[in-house]
Amino acid sequence: MIRKLALVTGASSGIGRKYATFLANSGYDIIAVARRENLLESLATELKEFGAQTKVVLADLSTDVGVQIVIDAAKDVDFLVLNAGITRAARVGETSAEELKGLNTLLATGVVEICEAIIPRMVSRKTGDVVIVSSIAAFISMPKSALYAAAKTYVMAYGRSINTELRRTGVRVCVVCPGYVRTEIHKNAGLDHLTKRVPSWMWVSTDSVVRSAQNGLKRNKSVVVPGLVYRFARPFMKLTIARKFWRRVTRRN
Ligand code: NDP
């Protein structure tokens, strides 16, 4: 069997690690991108079980240099998962210009730069799959996380539009917008309290995120929301009662 090639950003943990594992098990060799080399090396060892070769690429995607490293590494990939990210809890005015630039590069502009460089190559080969990991934050206001919500909305809007633009080119694009997923992201952002405050029925698994994105690609959906609860709730998210509930359970301290 000839294996295809996938690049996954943020492959060292959480959703990215699960996606890399899924793709390795589905016949892809993997280019695994993140900053923590030890975790990427342990992933590479794990993926051997599926007969996959894994190339570890270290890149800080909050920098232009890191984005260029990924563009160079992704030239011939069949599958691109743009997932790396952090969340940030901060009131308006609390983020320095430098932090803001890094956050935007990581979550928004860097993602688009990679797409702009790599998707035309997929189009010329008439094949390719792209998954962009956005967030439910693209659909609802997020007090004290406005920069995160704005960046996730930017990539959602971009992915949704290119999905339509690329129909009949052989290249499929799907934006996946998860709600709460149990990963390292909340602890790393000093939001550990949310793991207790947010009720268990509001958490979806990393498996569910991958499944939802894969179904989205298969059915050529531009945007998908994993988990029944969020799919059901999405049309009602503009209602005052839904917003009040969301603000209460997801409050940043
Ligand atoms: P994790 O913290 O478990 O994983 C984040 C991944 O991104 C890690 O592999 C990390 O690797 C990588 N990463 C973070 N910063 C950088 C950077 N500057 N350069 C390169 N890689 C980086 O969190 P999740 O799996 O939850 O997050 C994955 C994506 O899912 C994010 O985009 C997040 O916004 C999104 N998401 C998550 C939700 C959740 O509730 N968990 C909900 C909605 C969306 P390393 O530290 O080794 O560099």
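This structure is a prediction, so every number in the text was calculated from the model and none was measured. Both counts, for ligands and for their atoms, begin at 1 and track the order of listing.
- Atom CG in L7 sits 11.5 Å away from atom CG in D78 (nearest 0.5 Å).
- When non-hydrogen atoms are compared, ligand 1 lies under 4.0 Å from neither the backbone nor the side chain of C177.
- With values rounded to the nearest 0.5 angstrom, L40 atom CG is found 13.0 Å from K55 atom NZ.
- Between F79 and Y19, the two ring planes are tilted [angle within 30° to 60°].
- Residue-level proximity to ligand 1 for H186 is carried by the side chain, the only part with a heavy atom below 4.0 angstrom.
- Between A11 and ligand 1 there is a heavy-atom distance shorter than 4.0 Å.
- In this structure, OH in Y28 is found 10.5 Å from CZ in R3, a value given to the nearest 0.5 Å.
- If you look at L39 next to ligand 1, there are no close heavy atoms at all, none under 4.0 Å.
- In summary, R88 and E99 engage in a salt bridge, as defined by a charged side-chain N under 4.0 Å from a carboxylate O.
- Of the listed residues (S13, G10, G14), the one carrying the non-hydrogen atom nearest atom 4 (O) of ligand 1 is S13.
- At a threshold of 4.5 Å between non-hydrogen side-chain atoms, the residues D72 and V70 do not count as touching.
- Each of the atoms 29 (C), 30 (O), 35 (C) of ligand 1 lies under 4.0 Å from some heavy atom of V133.
- From the protein, the heavy atom lying nearest to atom 42 (C) of ligand 1 is G179 O, 2.8 Å.
- Counted by atom type alone, S222 and R167 present zero donor-acceptor pairs between their side chains at under 3.5 Å.
- What sits closest to atom 26 (O) of ligand 1 on the protein, heavy atoms only, is T183 OG1, 2.6 Å.
- At a 4.0 Å heavy-atom cut-off, ligand 1 does not touch R17 at all.
- One finds a salt bridge joining E184 and R36 here, because a Lys/Arg side-chain nitrogen approaches an Asp/Glu carboxylate oxygen to under 4.0 Å.
- Contact annotation for A137 and ligand 1: no heavy atom of the residue comes within less than 4.0 Å of the ligand.
- Taken to the nearest 0.5 Å, the OG atom of S208 stands 9.5 Å off from the CD1 atom of I15.
- Atom 5 (C) of ligand 1 has as its closest protein heavy atom G85 O, 3.4 Å.
- Heavy atoms of T87 come nearer than 4.0 angstrom to ligand 1 in no pair at all.
- Among protein heavy atoms, the minimum distance from atom 10 (C) of ligand 1 is reached at S12 OG, 3.8 Å.
- Considering only non-hydrogen protein atoms, atom 18 (N) of ligand 1 sits nearest to D60 OD1, 2.8 Å.
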